[in-house]
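Notes follow once the structure below has been shown.
Note on naming: letters A, B, ... go to the chains in the order of the sequence lines (proteins, then strands), and numbering restarts at 1 for each one. Predicted, not measured: the structure shown is a model, and the values here were computed from it.
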Number of protein chains: 2
Amino acid sequence: MTHNNPPFPSADHDHKHCVSHALKNAEAYCQQQGLRLTKLRHQVLELIWANHQPVGAYELLDQLTHEGRKAAPPTVYRALDFLMENGLVHRISSRNAYVGCSHAGHDHTAQFLICESCGQVAELDNAQIGSVIAKGANQLGFTVAQWTLEISGTCDQCKHRSQDE
Amino acid sequence: MTHNNPPFPSADHDHKHCVSHALKNAEAYCQQQGLRLTKLRHQVLELIWANHQPVGAYELLDQLTHEGRKAAPPTVYRALDFLMENGLVHRISSRNAYVGCSHAGHDHTAQFLICESCGQVAELDNAQIGSVIAKGANQLGFTVAQWTLEISGTCDQCKHRSQDE
DNA sequence: CGCATTATGTTACAATATAACATTACAGTA
DNA sequence: TACTGTAATGTTATATTGTAACATAATGCG
Ligand SMILES: [Zn+2]
Ligand SMILES: [Zn+2]
Ligand SMILES: [Zn+2]
Ligand SMILES: [Zn+2]
């Protein structure tokens, strides 16, 4: 399944669609790859997709507990490990937090826009950025295995919102 | 003071020169900006520059203690805060570790090459990367405040070294 | 079913970072 | 010089994030 690069999530977008899309996509992908998207992993993935803000592991742990599951830190970290290994979730290392992947199944590296005002995160998959980075590294004889790019700033809506005040 | 983009630090480079350059540069910069590069901060900066590998806060803490200073976590974190605020040190968030800045005084954002084999870090200041990132973000109406790029892989020397075996 | 494998539960702890308040050093000034 | 306000450091305690190690339960398969 292909879809074009999503813009920064707007305040009034149909987020239920984001969630159901992400979950169905994950189910299909795991099915196809012979991966076990267990109830716990599914539950964690759904919690992560509650919104477009990155969520901490211990916050997920609280929510799991409130949903009636017996959970301890390893519970959530193991689920996160599975989801990250299989490209369903990314870690935002500048925030020690986790966010659902918008391009699950595609082979890609992470590029994030993080709005400091509303806390939302958008994931890019800008090929130009990737190629410039690869080129810059290769010029120095460096072989790139992977990379992360975390861009902080202000999203379009928050800019306009602040103008209104 | 200007100098061209340093390559990945070679095994036989004159590292004493790196250290003295970084320290003198920091002293001059703080002098000029009216910042207080106290003994503690100077000491921490020197420890960070012991090599080109990122170092953890608690490792710095141990070394400070061995050097006879009474130190606790806040001691080192406060020094790190000062050094980071003033662009003398960067944090490698994917490793929870800190590394001396190679372009202190210049206004720049961080771009790192991290060798998974030898653990060394090289800091880039590739303008092309910067402009492509800014462009990609701006197209989505996103105003960039700052960003970090952490590239993992294998450096040139480690590649050759592994061929020799 | 019986067995091997994988996933989850459970307990304890490691590693990283900060809050809050006391004390000391410092710079400017009377 | 002593006084004084500010910035820096010391100190104690605790918050936050992440793992190790081993026990139990679920799953898939012959
Ligand atoms: Zn959404
Ligand atoms: Zn925003
Ligand atoms: Zn060096
Ligand atoms: Zn290397």
Side-chain angles (χ1 to χ4, degrees), chain A residues 26-27 30-48 53-86 88-99 119 148 150, chain B residues 26-27 30-48 53-86 88-99 119 148 150:
Chain A
E27 288 156 13
C30 289
Q31 174 79 28
Q32 172 202 328
Q33 300 287 315
L35 300 169
R36 291 171 59 185
L37 186 61
T38 63
K39 185 151 185 199
L40 171 66
R41 290 163 177 172
H42 191 280
Q43 201 177 354
V44 169
L45 185 58
E46 191 166 6
L47 287 171
I48 287 176
Q53 301 176 8
V55 57
Y58 278 73
E59 201 176 331
L60 290 170
L61 179 54
D62 280 350
Q63 296 177 244
L64 280 177
T65 305
H66 284 138
E67 292 189 358
R69 181 176 272 276
K70 290 198 174 170
T75 310
V76 61
Y77 280 106
R78 285 191 288 225
L80 288 171
D81 285 346
F82 170 87
L83 295 169
M84 285 192 290
E85 270 167 22
N86 297 294
L88 300 170
V89 160
H90 293 291
R91 180 187 149 93
I92 311 282
S93 61
S94 60
R95 311 238 163 170
N96 295 337
Y98 306 83
V99 70
T148 62
E150 301 179 10
Chain B
E27 287 156 13
C30 290
Q31 174 77 30
Q32 172 201 330
Q33 299 287 316
L35 300 168
R36 291 171 58 186
L37 186 63
T38 62
K39 185 152 184 197
L40 171 65
R41 291 163 176 172
H42 191 279
Q43 202 176 353
V44 169
L45 185 60
E46 190 166 8
L47 287 171
I48 287 176
Q53 302 176 9
V55 57
Y58 278 73
E59 201 175 331
L60 290 170
L61 179 54
D62 281 350
Q63 296 177 248
L64 280 178
T65 305
H66 285 137
E67 292 189 358
R69 182 176 273 274
K70 290 196 177 174
T75 311
V76 61
Y77 281 105
R78 285 192 287 226
L80 287 170
D81 285 346
F82 171 87
L83 295 169
M84 285 191 291
E85 270 166 25
N86 297 294
L88 301 170
V89 159
H90 293 290
R91 180 187 151 95
I92 311 282
S93 61
S94 61
R95 311 237 162 171
N96 295 337
Y98 306 83
V99 70
T148 61
E150 300 179 10

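- The nearest whole Å value for the distance from the OH atom in A:Y98 to the P atom in D:dT16 is 16 Å.
- Judged by distance alone with a 3.5 Å cut-off, a donor-acceptor contact links the side chain of A:R78 to the base of C:dG9.
- Protein atom CZ of A:R41 is 12 Å distant from nucleotide atom P of D:dT27, rounded to whole Å.
- When the side-chain nitrogen and oxygen atoms of A:R36 are compared with OP1 and OP2 of C:dT5, none of them lie within a distance under 4.0 Å.
- In this structure, the separation between CG on B:L47 and CG on B:D62 is 11.0 Å, given to the nearest 0.5 Å.
- Atom CG in A:L40 sits about 11 Å away from atom C1' in C:dG9, given to the nearest Å.
- Checking D:dT11, D:dG10, C:dT8 against the side-chain heavy atoms of B:A72 singles out D:dT11 as nearest.
- With hydrogens and angles disregarded, no donor-acceptor distance shorter than 3.5 Å links the side chain of A:Q43 to the backbone of A:L64.
- In this structure, B:R91 contributes its side chain and B:M84 its backbone to no donor-acceptor pair below 3.5 Å.
- Rounded to whole Å, the distance from CG on B:L37 to C1' on D:dA7 is 15 Å.
- Looking at the side chain of B:T75, the nearest of the listed nucleotides C:dT8, D:dT11, C:dT11 is D:dT11.
- Put simply, A:Y58 does not rest on the base of D:dT16: the two rings are not both less than 5.5 Å apart at their centres and under 30° in tilt.
- When distances run from any side-chain atom of B:P73 to the nucleotides D:dT11, D:dT19, C:dT18, the shortest one goes to C:dT18.
- Regarding A:R69, its CZ atom lies at a distance of 10 Å from the C1' atom of C:dA7, rounded to whole Å.
- Look at CZ on A:F82: it is 14 Å from C1' on D:dT27, rounded to the nearest Å.
- Remark: A:R95 is not in phosphate contact with C:dA17, judged by side-chain N or O atoms under 4.0 Å from OP1 or OP2.
- Here C:dA12 presents its P atom at 19 Å from OH of A:Y77, a figure rounded to the nearest Å.
- Each of D:dA8, C:dA17, C:dA7 was ranked by its minimum atom distance to the side chain of A:T38; first place goes to C:dA7.
- B:R69 CZ to B:K39 NZ: the interatomic distance, rounded to the nearest 0.5 Å, is 7.0 Å.
- Atom-to-atom distance recorded for B:L45:CG and B:Y98:OH is 14.5 Å, nearest 0.5 angstrom.
- For the pair B:N96 and B:A71, both in contact range of DNA chain D, the more 5′-proximal nearest nucleotide belongs to B:A71.
- For B:L64 and D:dT9, the CG to C1' distance is 12 Å, given to the nearest whole Å.
- Among C:dA19, C:dA7, C:dA17, the nucleotide with an atom closest to any side-chain atom of B:P74 is C:dA19.
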